[in-house]
Amino acid sequence: MTHYDFKTIEPKWQKRWEEQKLYKVDEDDKKPKYYCLEMFPYPSGKLHMGHVRNYSIGDVVARFKRMKGYNVLHPMGWDAFGLPAENAAIKHGIHPAKWTWDNITNMRNQLKQLGISYDWDREIATCHPGYYRWTQWFFLKLYERGLAYRKKSFVNWCPSCATVLANEQVVDGRCERCGAEIGKKNLEQWFFKITEYADQLLEDLKKLPGWPEKVKVMQENWIGRSEGVEVYFTAEKTGEKIPVFTTRPDTIYGVTYLVLAPEHPMVNELASGTPYENEVREFQKKMEKLNEITRTSTETEKEGVFIGAYAVNPVNNERIPIWIANYVLLDYGTGAVMGVPAHDQRDFEFARKYGLPLKVVINPPGESLCPEHITQAYVEEGILVNSGMFDGMNSMDAIKAIGRYMEEKGIGKIKVNYKLRDWLISRQRYWGAPIPIVYCQKCGIVPVPEDQLPVMLPDDVEFNPKGTSPLLDCEEFLNTTCPICGGPARRETDTMDTFMCSSWYYYRYTDPRNDDKPFDREKLEYWMPVDQYIGGVEHAILHLMYSRFFNKVMRDAGLVHVDEPFTNLLTQGMVLKEGAKMSKSLGNIVSPEEIVEKYGADTARLFILFASPPEKDLEWSDQGVEGCYRFLQRVWRLVEELAPRVKDPTADERLDREVRRLVHKTIKKVTDDIEERFNFNTAISAIMEMVNGLNSRKEESISGPVIKEALENLLVMLAPFAPHIAEELWERLGHEQSIHLMSWPEADEEAMAEEVVEVVIQVNGKVRGKITLPAGISEEEMKEAALRHDRVLPLLEGKNVVKVVTVPQKLVNIVVK
RNA sequence: GCGGGCGUGGCGGAACUGGCAGACGCGACGGACUUAGGAUCCGUUGGGUUUCCCGUGGAGGUUCAAAUCCUCUCGCCCGCACCA
């Protein structure tokens with residue numbers, strides 16, 4: 001007898017599968033398609049356990065669906081542009097391209113060692129010119145459709161590095177690299193008009209029943225739709241309109257002041273020449289230094305200053321002071337807020353702090369509020385007072401009525417407002433896809449013509465610790481000619497946000513080597529949408545929302561046929577050790593390499609799938625891994641022991657039936673667990689039970705064909721979880737064709753049928769006994785048997801049987817008094 | 001504050017539309033084989049005052065029957081957070 005030698009069999013099969021191109025797919029109209037996609041990784045260097053989990057889950061789905069007769073697209077690639085590559089260049093002097101490609105080689109090998117069933121011929125890397133050429137092409141599509149535009153915007157600015165920083169690179173208001181205090185700078189940046197699709201992105205969440213509620217809610221909050229009215233106040237000094245967004249137009253008569261964001265464009269003009277001018281400047285400077293998080297945190301106290309100017313309320317011509325304050329944000333709504341201290345808690349606090357007046361315009365039903373005595377804002381529904389012609393109206397009705405009134409009068413407009421902001425895609429970085437734009441002195445902003453793509457990222461650049469993009473110093477890149485007039489022009493030196501690259505990669509897998517277009521329409525239509533998308537919940541908003549936006553734009557451009565790119569989404573839980581996320585600082589990292597080295601890929605995969613259902617967090621346990629390793633050894637021994645007996649004659653038909661029942665019940669359970677719920681943990685435990693059951697009967701005389709059926713089904717069911725050992729044992733059973741080309745078994749109802757059932761007998765809901773009865777027994781007979789039961793009889797003495805409840809084939813409950 | 005999720009043995013976790021709570025695995029204990037055991041195999045393993053009783057964070061309720069449904073409450077995790 002041989003022992004389970006994963007170190008030999010795993011490489012053996014990985015090699016053979018690769019040679020045979022076992023997992024290669026093409027379009028095939030004879031089979032239903034299934035697109036199984038896992039979020040592609042950033043090539044950081046090595047796989048971590050989170051990756052192993054993600055890809056193990058995806059592999060089970062892909063392998064299972066294949067065995068179920070689907071034509072499965074299961075690709076892998078690399079989200080290969082990004083900052084860490086550039087940091088490596090600055091720190092260690094390695095070119096980002098080399099660093100990235102080396103990491104990819106490494107991680108590709110790791111994935112192959114795990115035996116994941118990818119069609120490697122479809123591998124893509126977003127940093128490859130053959131890929132980013134189309135990223136740039138999509139940029140042009142957005143530009144053509146007016147969805148890519150340039151705008152001045154306040155961005156994080158590090159004065160010492162002389163560069164713009166992404167929000168993630170600002171830590172506690174300081175530069176992550178040099179520690180300098182970050183300021184805000186108003187710079188020209190490229191944006192995508194995702195806000196134009198806000199409504200659709202929100203509405204179409206309803207079309208995604210296969211997405212976790214949690215993710216949909218997060219997107220909903222992020223989009224942040226609110227209905228209200230934009231009211232036009234007038235600046236007394238300049239006569240200019242000051243638009244203010246409010247969801248509570250019913251409180252318009254209660255406005256006692258106006259607050260603008262400190263950066264609001266009108267502030268300087270309104271404040272200039274007033275005694276408050278200096279104070280206003282000071283306040284603005286102070287706000288500039290604060291990053292958004294500290295400034296807008298609920299913990300931060302509300303602060304503001306009067307700017308020395310007044311505005312007029314359009315409904316009653318009241319003159320009200322204008323303030324600026326920390327809690328008003330320029331980029332939400334109109335950057336201006338009306339202050340209604342009696343009916344808004346924030347306004348209430350602000351007004352109390354600065355002694356601003358308070359005016360009650362809504363009373364609780366049957367009550368009358370006194371402005372001097374209220375201790376907090378009244379925000380509930382009520383009856384309007386002090387509101388001119390609207391007095392006496394219910395506030396809910398007044399919201400609509402006043403909105404309509406303002407529209408009629410031209411002093412306001414009913415409006416839907418979103419929290420969602422346009423997507424800033426400019427990055428002052430080298431390692432990204434260059435934005436395909438040229439600036440010509442004569443022609444202005446000129447898109448690079450499609451036939452001149454890709455705008456290649458130059459290799460030969462200097463990396464320096466200045467933090468600026470090397471593209472700025474690269475003369476050959478920077479200087480070009482205008483595609484329109486042929487005159488001298490300058491290239492855009494910013495590169496695109498990497499989320500742009502990952503917003504369309506799932507299209508490219510359908511036709512990864514196409515040099516003429518991003519994809520062939522027919523191929524795309526065959527494979528899209530992605531049937532099952534699997535990844536971490538950390539991408540719940542950004543990546544998934546950008547991809548949805550992108551898909552909608554491309555649909556409107558007539559390039560794709562689906563409304564939503566991902567039909568079903570599974571967000572897997574984290575891998576924890578000692579209750580905490582694995583991290584370097586905690587020193588609780590378990591390396592996939594070590595586990596594969598010590599136990600093999602099959603054990604690693606099996607444990608990760610067995611320890612917890614996929615959506616839940618998974619607590620790593622070295623002993624749990626051992627348990628799975630032992631299980632695979634048991635499987636090995638069982639098959640080795642029983643394999644020689646597949647020609648045994650029939651001896652004990654009762655035993656044969658018992659074994660077949662076990663096998664087919666397991667098939668049913670495993671199929672349901674995988675198919676309906678992705679409960680791989682319980683599917684595996686069912687397989688374990690089957691192995692235990694076979695083990696305990698192996699000394700007895702089971703007939704050859706039943707042994708064969710049992711072993712073959714065992715291996716086929718094990719194949720999606722532990723593909724190498726299943727394949728090896730399959731071969732040892734004498735099969736020439738790969739187990740991974742087998743069909744998933746169907747449970748045989750007849751074989752599953754029980755001959756006897758165990759019926760639980762309860763008296764007043766408490767279990768008092770169990771009896772074995774022939775299957776198919778009637779409820780009446782069950783009842784009789786229960787009432788005769790010797791454990792039941794004494795409990796019935798001197799009591800009345802009130803009622804007998806029966807559950808067919810399962811339970812009898814005798815209710816006595 | 002708002003939204004989402006979760007509380008079950010020593011541990012990870014089972015229990016589908018209410019119907020035997022604790023499947024499967026880990027750990028622990030006992031035994032067999034053994035020079036040895038951190039290998040393997042077999043057995044036991046929720047708690048207790050053990051014909052029976054108590055047990056799914058807690059308190060009520062609905063029901064013949066509740067981990068599961070309802071009400072209240074406590075605790076933990078995640079997301080958003082002055083959004084006008």
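Throughout, a chain's letter reflects where its sequence line sits, starting with A, and its residues are numbered from 1.
- Each of B/A84, B/C20, B/G3 was ranked by its minimum atom distance to the side chain of A/Val217; first place goes to B/G3.
- Rounding to whole angstrom units, CD1 of residue A/Ile223 and C1' of B/G79 are separated by 15 Å.
- Residue A/Glu213 is out of contact with every strand shown, counting any heavy-atom pair closer than 4.0 Å.
- Checked against the 6.0 Å centroid criterion, the rings of A/Phe350 and A/Tyr327 qualify as a close aromatic pair.
- Residues passing the ring-ring contact (aromatic ring centres under 6.0 Å, His included) test with A/Phe64, sequence neighbours excluded: A/Trp744.
- Considering all non-hydrogen atoms of both residues, A/Ile687 and A/Val670 come closest at CG1-CG2, 3.8 Å.
- Under a 3.5 Å cut-off, the side chain of A/Arg605 and the backbone N or O of A/Pro720 do form a donor-acceptor pair.
- Residue side chain A/Lys419 does not reach the base of B/C83 through any donor-acceptor N/O pair under 3.5 Å, judged by distance alone.
- Base contact: A/Gln762 has a heavy atom under 4.0 Å from a base atom.
- B/U8 and B/G57 are spaced 10 Å apart, taking the C1' atom of each and rounding to whole Å.
- Judged by closest nucleotide on RNA chain B, A/Val805 is the one of A/Val244 and A/Val805 placed further toward the 5' end.
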* Asked: How far apart are the C-alpha atoms of A/Asn417 and A/Ser226, what are their side-chain angles, what is the distance that settles it, and do they pass the side-chain hydrogen bond (donor to acceptor under 3.5 Å, both in side chains) test?
  -> CA-CA 5 Å; A/Asn417 201 43; A/Ser226 62; 4.9 Å; no
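- More than 90° away from 0 lies the glycosidic angle of B/G27, which makes this nucleotide anti.
- For the OP1/OP2 pair of B/C83 and a distance below 4.0 Å, the side-chain nitrogens and oxygens of A/Arg421 include no atom meeting the criterion.
- Between A/Tyr354 and A/Trp323, the angle of the ring planes lies from 30° to 60°, which puts this pair in the tilted group.
- Picking from B/G27, B/C53, B/A23 the nucleotide with the shortest atom distance to the side chain of A/Arg768 gives B/C53.
- Sorted by first then second residue, the salt bridge (charged side-chain N to carboxylate O under 4.0 Å, His left out) pairs that include residues 682-700 of chain A, not counting sequence neighbours, are A/Glu641-A/Lys698, A/Glu658-A/Arg697.
- Using a 4.0 Å cut-off between charged nitrogen and carboxylate oxygen, A/Asp5 and A/Lys7 do not count as a salt-bridge pair.
- The closest donor-acceptor contact from the side chain of A/Thr334 to the backbone of A/Pro243 lies under 3.5 Å.
- Residues of residues 810-817 of chain A that place a heavy atom closer than 4.0 Å to RNA chain B, in numerical order, are A/Lys810, A/Leu811, A/Asn813, A/Val815.
- Separation of the P atoms belonging to B/C29 and B/C6 is 36 Å when rounded to the nearest angstrom.
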Sub-3.5 Å pairs of nitrogen or oxygen atoms, protein against nucleotides 41-46 of chain B:
from: B/C41; atom 1: OP1; to: A/Arg637; atom 2: NH2; distance (Å): 2.8

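- Between the C1' atoms of B/A67 and B/C83, the separation comes to 40 Å (whole Å).
- The gap from the P atom of B/G60 to that of B/A66 amounts to 14 Å, rounded to the nearest Å.
- The residue A/Glu626 sits apart from the nucleic acid: no heavy atom pair falls under 4.0 Å.
- When the C1' atom is compared between B/G9 and B/G48, the two are found 15 Å apart, to the nearest whole Å.
- Rounded to a whole angstrom, the distance from the C1' atom of B/C82 to that of B/C77 is 25 Å.
- Between A/Glu318 and A/Lys359, at least one side-chain nitrogen of the basic residue sits less than 4.0 Å from a carboxylate oxygen of the acidic one, meeting the salt-bridge criterion.
- Judged purely by atom type and a 3.5 angstrom limit, A/Gln572 has no side-chain atom pairing as donor or acceptor with the backbone of A/Ile534.
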Listed pairs, N/O of protein and of nucleotides 10-13 of chain B, under 3.5 Å:
from: B/G12; atom 1: O2'; to: A/Ala611; atom 2: O; distance (Å): 2.9
from: B/G13; atom 1: O3'; to: A/Asn681; atom 2: ND2; distance (Å): 3.3

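- Within 4.0 Å (heavy atoms only), A/Asn692 reaches sugar-phosphate atoms of the nucleic acid but no base atom.
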* Could you go through the side-chain hydrogen bond (donor to acceptor under 3.5 Å, both in side chains) check for A/Asp199 and A/Tyr418 one step at a time? => CA-CA 9 Å; A/Asp199 226 357; A/Tyr418 296 95; 2.9 Å; yes
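- No option in A/Trp620, A/Tyr629, A/Phe680, A/Phe721 other than A/Trp620 meets the ring-ring contact (aromatic ring centres under 6.0 Å, His included) test with A/Phe607.
- Comparing the P positions of B/U68 and B/G19 gives an interatomic distance of 10 Å, to the nearest angstrom.
- Along RNA chain B, the nucleotide nearest A/Gly624 and the nucleotide nearest A/Met218 are compared for position; the residue whose nucleotide lies closer to the 5' end is A/Gly624.
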* Could you go step by step and tell me if A/Glu640 and A/Thr2 meet the side-chain hydrogen bond (donor to acceptor under 3.5 Å, both in side chains) rule? -> CA-CA 8 Å; A/Glu640 288 275 279; A/Thr2 56; 2.6 Å; yes
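- Nucleotides B/C74 and B/A65, compared at atom C1', are 28 Å apart to the nearest Å.
- Residue A/Gly224 is classed as having no contact, given no heavy-atom separation below 4.0 Å to the nucleic acid.
- Regarding contacts with the backbone of B/C83, every side-chain N or O of A/Asn221 stays at 4.0 angstrom or more from both OP1 and OP2.
- A salt bridge is defined here as a Lys NZ or Arg NE, NH1 or NH2 lying under 4.0 Å from an Asp or Glu carboxylate O, and A/Arg677 with A/Asp672 fails to meet this definition.
- In RNA chain B, runs of at least 3 stacked Watson-Crick or G-U pairs (N1-N3 plus N6-O4 or O6-N4, or N1-O2 plus O6-N3, all under 3.5 Å) give these stems: B:1-7 with B:74-80, B:10-12 with B:24-26, B:27-32 with B:40-45, B:46-48 with B:52-54, B:57-61 with B:69-73.
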